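In what follows, a single structure is set out as structure tokens and then discussed.
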2 protein chains.
Amino acid sequence: MAEPMYRVIAMELLDEIKTGTLEPGGQLPTELELRTRHQASRNTIRDAVKWLTNRGLVEKKPGKGTFVVERIDPYVTTLSSGTQASLSGVEDEGWAAEVEGRGRTATTSAPRVEVLEAPPRIASRLRVPEGSEVVTRRQERYIDRTPWSLQTTAYPMEYVRRGAADLLRAQPVPGGTISYLRRTLGLEQVGHRDRILLRAPREEEARFLRLPDDNRVWVVSVIRTCYAAGDDGPVPLRVTFTVLPADRNQFVIDSGQVPEDIPGPAID
Amino acid sequence: MAEPMYRVIAMELLDEIKTGTLEPGGQLPTELELRTRHQASRNTIRDAVKWLTNRGLVEKKPGKGTFVVERIDPYVTTLSSGTQASLSGVEDEGWAAEVEGRGRTATTSAPRVEVLEAPPRIASRLRVPEGSEVVTRRQERYIDRTPWSLQTTAYPMEYVRRGAADLLRAQPVPGGTISYLRRTLGLEQVGHRDRILLRAPREEEARFLRLPDDNRVWVVSVIRTCYAAGDDGPVPLRVTFTVLPADRNQFVIDSGQVPEDIPGPAID
DNA sequence: GCAAATTTGTTCGTATGTATT
DNA sequence: CAATACATACGAACAAATTTG
């Protein structure tokens, strides 16, 4: 009796899920059925199902039953750029085009514009004093009608004072912000640095992305700092924070000469 | 009575963890103590602590107690390359150097060499027939003595027949495999494509990486396909699978002109 | 090295509340 | 409103891991 009963039951259900006896979206036997089938108390059955729930294999719906989770078709974002630095995957200008190019539907909310005193994570990346004013533009993005990512881009408030007034308008900047900043301020983007990190979603993120309220599904946080040419090397131009659910996103980074096909989702 | 009791208790403990009243590594009150403190049954207390456990905030050690988890100093891997394609972060030649350059200690196990019939995930990437022979070289990597990543690289068996015999030796290839393949077979690497995907760890991976046996901590799977120049565009040279725990790894990708500092761990 | 004490792990039983159909 | 199914809560007992005397 090395293996506790709840685990034996969990393993049996796991096996049925893996082999496809229980299909994705299908309903598990109810707690009562499992109880009679395994001659166990209801609490033991609940422990077994809990084991599966904690691993994200099944979902419980109060009043309905327990169901095998359905996998979402992953979306692939291109982070590399090669020649066309301005068109790569996470930025507003290129995002919708890339999504539609993959035969999926992209929707973006109108940007929510805020002026705030730069918190450390923005100030340090833009190399402006902490507490100095910055403009943030925040968008909610959908792919195929499902909430997909949250993106916030921050610019020094100085840009607005110098003439880039459209940064404050709660509308997409026509032609994209990159070319807008070039036209109005002569700022030319020459490179960018992406950071990828993984963490549990914040409350607000979990709500928009409809993630389960335990923190089982993490998010990928992509922080892109864009640089313009400066006298003393590249200087920060803007910084973009993108948050995507880890369970339905993949990333591709090309370097040097690679095949030209558009990479689809991979399995490993 | 909107909030169930076990959640109230969980929130109170969560607060103590967040504010630092309970320090990382510190012990929580025992179930008995919490029971008397909150006038609740032991099962209710256990539900509360379970809530924290499921979120990865505390760890239970049978016979000892419950403890606040300690965060691991994240390691930053560079995936971009710019000019020095052969030196970037996930490949054997550059890995140890990059780790030591960050002031940490890198250790690598001797490669475990296998000859096997190519499974689909390798065959399709190397563009060899499924079931044809390939050589895989697998290494376990440590940073600061803790298990950090598992890496497997696959080459077509044809390379060995054409003279790259050292691929079969269970030892590091002196000077690195890239230059070895160039010297022996004239194969020149001209680019690579990285894919980043996230998934639950396999049993074997969880064991080596010492991940909790629930699948709370996911792994980042980095699949790098390296290409050589061919008559009809780039042709696959080798493919490398790297698996790293998602809770202690970050990635940096540079593109174009960016500052030259070595990026440390970021917080978001 | 063994025994006792402490602490978490598993399992049963029972009762009542809440959400959905 | 009733039936179904999951959620929360109580109490009790024994098992297993760890530390301490």
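Throughout, protein chains are lettered first and strands after them, A, B, ... in sequence-line order, and every chain is numbered starting at 1. What you see is a predicted model; the values in this text were computed from it and never measured.
Summarising the geometry, the separation between CD1 on A:Ile45 and C1' on D:dA5 is reported as 14 Å, rounded to the nearest angstrom. Taking atom CG of B:Leu32 as the reference point, atom P of C:dT8 lies 9 Å away to the nearest angstrom. Atom CD in B:Glu31 sits roughly 16 Å away from atom P in D:dA9 (whole-Å rounding). As a whole-Å value, the separation of A:Lys50 NZ from D:dA7 C1' is 9 Å. Protein atom CE of B:Met5 is 16 Å distant from nucleotide atom P of C:dT16, rounded to whole Å. In this structure, NZ of B:Lys60 is placed 14 Å from C1' of D:dA17, rounded to the nearest angstrom. For B:His38 and D:dC10, the NE2 to C1' distance is 17 Å, given to the nearest whole Å. If you measure from atom CG of B:Asp47 to atom P of D:dC6, you get 17 Å, rounded to the nearest angstrom.
Between the side chains of B:Thr242 and B:Gln151, at least one donor-acceptor pair of N or O atoms lies under 3.5 Å.
Considering only side-chain N and O atoms, B:Thr66 lies under 4.0 angstrom from the phosphate OP1 or OP2 of C:dT8. Within the structure, a side-chain polar atom (N or O) of B:Arg46 is placed less than 4.0 Å from OP1 or OP2 of C:dG9. For C:dA19, neither phosphate oxygen OP1 nor OP2 lies less than 4.0 angstrom from any side-chain nitrogen or oxygen of A:Lys64. Residue B:Lys61 places none of its side-chain N or O atoms closer than 4.0 Å to OP1 or OP2 of D:dA17. For the OP1/OP2 pair of C:dT6 and a distance below 4.0 Å, the side-chain nitrogens and oxygens of B:Thr30 include no atom meeting the criterion.
If B:Pro62 and A:Tyr6 are placed on DNA chain C by their nearest nucleotide, the residue sitting closer to the 5' end is B:Pro62. Take the nearest nucleotide of DNA chain C for B:Arg42 and for A:Arg42: the residue whose nucleotide is more 5' is B:Arg42.
When distances are taken from the side chain of B:Ala40 to each of D:dA7, D:dC10, D:dA9, the shortest belongs to D:dC10. Here C:dG13 is the nucleotide among C:dT8, D:dT8, C:dG13 with the atom lying nearest to any side-chain atom of A:Asn43.
Both cation-pi conditions hold for B:Arg121 and B:Phe241: the charged atom is under 6.0 angstrom from the six-membered ring centre and inside a 45 degree cone around its axis.
No donor-acceptor distance shorter than 3.5 angstrom exists from the side chain of A:Arg37 to the backbone of A:Pro29, with no hydrogens or angles considered. The backbone N or O of A:Val243 lies less than 3.5 Å from no partner atom in the side chain of A:Glu205, so there is not a single donor-acceptor pair.
In terms of heavy atoms, B:Asn249 sits closest to A:Leu198 at O-CD1, 4.1 Å.
If you check every strand for non-hydrogen atoms under 4.0 Å, B:Ser41 touches a base.
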